[in-house]
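Let me begin by presenting the structure, written as structure tokens, before commenting on it.
Proteins get letters first, then strands, A, B, ... in listed order; numbering begins at 1 in each.
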Protein chains: 2
Amino acid sequence: MGFNLVDMAMTELHANGGRMTNQRRLILETLSHYADHPTAEEIYERVRLKNRALNLSTVYRTLRWLEQRGLVNTRVFEDERCQERFDPIIKEDGMDHYHFRCSQCNQIIEFSTQYLENIKSQYCFEYGGLVQKASLILYGTCASCTSA
Amino acid sequence: MGFNLVDMAMTELHANGGRMTNQRRLILETLSHYADHPTAEEIYERVRLKNRALNLSTVYRTLRWLEQRGLVNTRVFEDERCQERFDPIIKEDGMDHYHFRCSQCNQIIEFSTQYLENIKSQYCFEYGGLVQKASLILYGTCASCTSA
DNA sequence: GTCACTGCAAAGGGTTTGCATCGGA
DNA sequence: TCCGATGCAAACCCTTTGCAGTGAC
């Protein structure tokens, strides 16, 4: 919980003459307290419970700002062509995480795997170049939907 | 080349009382002759060189129709949040393919790997459920952009 | 001749932007 | 005080939809 996303943002802000506003703090807190992968709209709704005056464009601007600084990740799931979902990047355990999405209940499950490293080096060996990042999403039916 | 996408579509059409129109044929041919992963707009422009009267909505309708029948795949790359790219599904070699995207020249390189199977079974072992599909995109710099 | 498909134009949904104002440092 | 951040409204972009007309079978 918390992932000290607020702290990391603070550091970034101070290093670049930015300002920690009430809106930003609320958005950051919301992002780090919810483990699901909310859309901009969902973040907006959640924050508005605490600050009615917030505007959607502020949410987007904050998310893009975080994205540029590598503090949040952005993802589009297949069944939501034009909608992005956001999640804070956890740097603590050092292990990247990937996603499983249940096409029945739309739940998102995070998982890790060591095999991505194999894939990356296999790719580089065969095609050359440099792999900086990997996005892997598994689609299927989750355990509880399968048994139901 | 060709992947007989037109033939496969024909079969589908005949099985469901559909009609092979000039527009559909041109869209199908364009899709299968170009190996890159075009957007709807790009397909539209290419087909319009041969048929000026074509409308973008026809392109979308055809693409969705193909998608529903499992004849094309749809993908959104990270640097193009709201734009889909389409590619015909090749069933010939039976091996799924994944994508590398160069963030410099935006080229898309397709590759295969046997490790995805490991990841799938690892996931199922740990979390249960059923994995039907995997989407993997590597982001980085391609060989020619690295050496340049 | 039927009915599926098309073109057109308008709407839709998510995201971005210009600008005047606000407020943190 | 100064300048970065916000709210608002309008714009943007990609995609979808309703409807009347067209053309494949």
Side-chain angles (χ1 to χ4, degrees), chain A residues 6 9-30 37-45 47-48 50-69 71-86, chain B residues 6 9-30 37-45 47-48 50-69 71-86:
Chain A
V6 182
M10 273 297 222
T11 308
E12 271 294 334
L13 283 169
H14 289 146
N16 299 299
R19 291 167 190 177
M20 174 57 76
T21 61
N22 190 241
Q23 289 91 325
R24 279 192 175 162
R25 191 190 318 281
L26 287 171
I27 293 171
L28 290 164
E29 286 174 0
T30 301
H37 295 59
T39 63
E41 191 99 25
E42 286 167 353
I43 295 169
Y44 170 67
E45 290 301 344
V47 174
R48 255 164 70 88
K50 297 189 175 175
N51 177 355
R52 285 255 106 203
L54 180 75
N55 194 279
L56 226 203
S57 55
T58 301
V59 175
Y60 275 109
R61 277 191 280 236
T62 300
L63 288 170
R64 295 305 173 213
W65 182 87
L66 291 167
E67 191 184 20
Q68 282 181 356
R69 277 152 192 80
L71 297 177
V72 305
N73 248 163
T74 288
R75 219 173 314 285
V76 176
F77 291 96
E78 278 191 2
D79 46 344
E80 300 179 313
R81 335 181 155 296
C82 280
Q83 183 138 33
E84 298 177 82
R85 293 187 170 273
F86 302 87
Chain B
V6 182
M10 272 298 218
T11 308
E12 271 293 334
L13 283 170
H14 289 146
N16 299 298
R19 291 164 190 180
M20 175 56 76
T21 62
N22 189 241
Q23 289 91 326
R24 279 192 175 162
R25 191 189 318 281
L26 287 171
I27 293 171
L28 290 165
E29 286 172 2
T30 301
H37 295 58
T39 62
E41 190 99 26
E42 286 166 354
I43 296 168
Y44 170 67
E45 290 301 344
V47 174
R48 255 164 70 88
K50 299 189 173 174
N51 177 354
R52 287 254 107 204
L54 180 75
N55 193 278
L56 227 202
S57 55
T58 302
V59 175
Y60 275 108
R61 278 190 279 234
T62 301
L63 288 170
R64 297 301 173 214
W65 182 86
L66 290 167
E67 192 184 20
Q68 283 180 356
R69 277 151 192 80
L71 297 177
V72 305
N73 248 161
T74 289
R75 219 174 313 286
V76 176
F77 290 96
E78 277 191 2
D79 46 347
E80 299 179 315
R81 337 182 156 297
C82 280
Q83 183 137 30
E84 296 176 83
R85 292 187 171 275
F86 302 87

Could you tell me how far apart [X] ([atom1]) and [N] ([atom2]) are, to the nearest whole angstrom?
{"X": "A/Leu13", "N": "C/dG24", "atom1": "CG", "atom2": "C1'", "result": "11 Å"}
{"X": "A/Leu66", "N": "D/dA5", "atom1": "CG", "atom2": "P", "result": "12 Å"}
{"X": "A/Glu45", "N": "C/dG14", "atom1": "CD", "atom2": "P", "result": "12 Å"}
{"X": "A/Gln83", "N": "C/dT16", "atom1": "CD", "atom2": "C1'", "result": "16 Å"}
{"X": "B/Leu26", "N": "C/dT6", "atom1": "CG", "atom2": "P", "result": "11 Å"}
{"X": "A/Arg24", "N": "C/dG23", "atom1": "CZ", "atom2": "P", "result": "15 Å"}
{"X": "B/Leu56", "N": "D/dC13", "atom1": "CG", "atom2": "C1'", "result": "12 Å"}
{"X": "B/Phe86", "N": "D/dC14", "atom1": "CZ", "atom2": "P", "result": "12 Å"}

query = Which part of the nucleic acid, if any, lies within reach of A/Glu41 when heavy atoms closer than 4.0 Å are counted: base, sugar-phosphate only, or nothing?
reply =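 Contact class for A/Glu41: none.
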
query = Pick the nucleotide of DNA chain C nearest each of B/Asn51 and A/Ala40; which residue has the one closer to the 5' end?
reply =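 Comparing both residues, the 5'-ward one is B/Asn51.
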
ask   = Taking for each residue the nucleotide of DNA chain C with the nearest heavy atom, is it B/Gly17 or B/Val59 whose nucleotide lies nearer the 5' end?
value =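 On the 5' side of the pair lies B/Gly17.
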
Do [X] and [Y] have side-chain heavy atoms sitting under 4.5 Å apart?
{"X": "A/Lys50", "Y": "A/Thr30", "answer": "no"}
{"X": "B/Arg24", "Y": "B/Leu13", "answer": "yes"}
{"X": "A/Leu26", "Y": "A/Leu54", "answer": "no"}
{"X": "B/Met10", "Y": "B/Arg25", "answer": "yes"}
{"X": "A/His37", "Y": "A/Glu42", "answer": "no"}

task = Return no unless some side-chain N or O of A/Asn55 is found under 4.0 Å from OP1 or OP2 of D/dT6.
result =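 Looking at the OP1 and OP2 atoms of D/dT6, neither is under 4.0 Å from any side-chain N or O of A/Asn55.
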
inquiry  = Please determine whether a side-chain nitrogen or oxygen atom of A/Arg81 lies at a distance below 4.0 Å from atom OP1 or OP2 of D/dT16.
reply    =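 True: A/Arg81 side-chain N/O within range (under 4.0 Å) of D/dT16 OP1/OP2.
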
ask   = For B/Glu80, which residues count as a side-chain hydrogen bond (donor to acceptor under 3.5 Å, both in side chains) partner, sequence neighbours excluded?
value =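 If we apply the side-chain hydrogen bond (donor to acceptor under 3.5 Å, both in side chains) test to B/Glu80, skipping adjacent residues, the hits are B/Arg85.
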
request  = Between D/dA5, C/dG7, D/dG7, spot the one nearest the side chain of A/Leu54, thanks.
outcome  =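 Closest nucleotide among those given: D/dG7.
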
query = Which nucleotide sits closest to the side chain of A/Arg64: D/dT16, C/dT16, D/dT6?
reply =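 The nucleotide sitting nearest to the side chain is C/dT16.
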
message = Can a side-chain donor-acceptor contact be found between B/Glu67 and B/Thr74 if the only test is distance below 3.5 angstrom?
response =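 A donor-acceptor contact under 3.5 Å links the two side chains.
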
remark   = Readout for nucleotides 18-25 of chain D: B = base within 4.0 Å of protein heavy atom, S = sugar-phosphate only, - = neither; 5' to 3' it is B----BBS

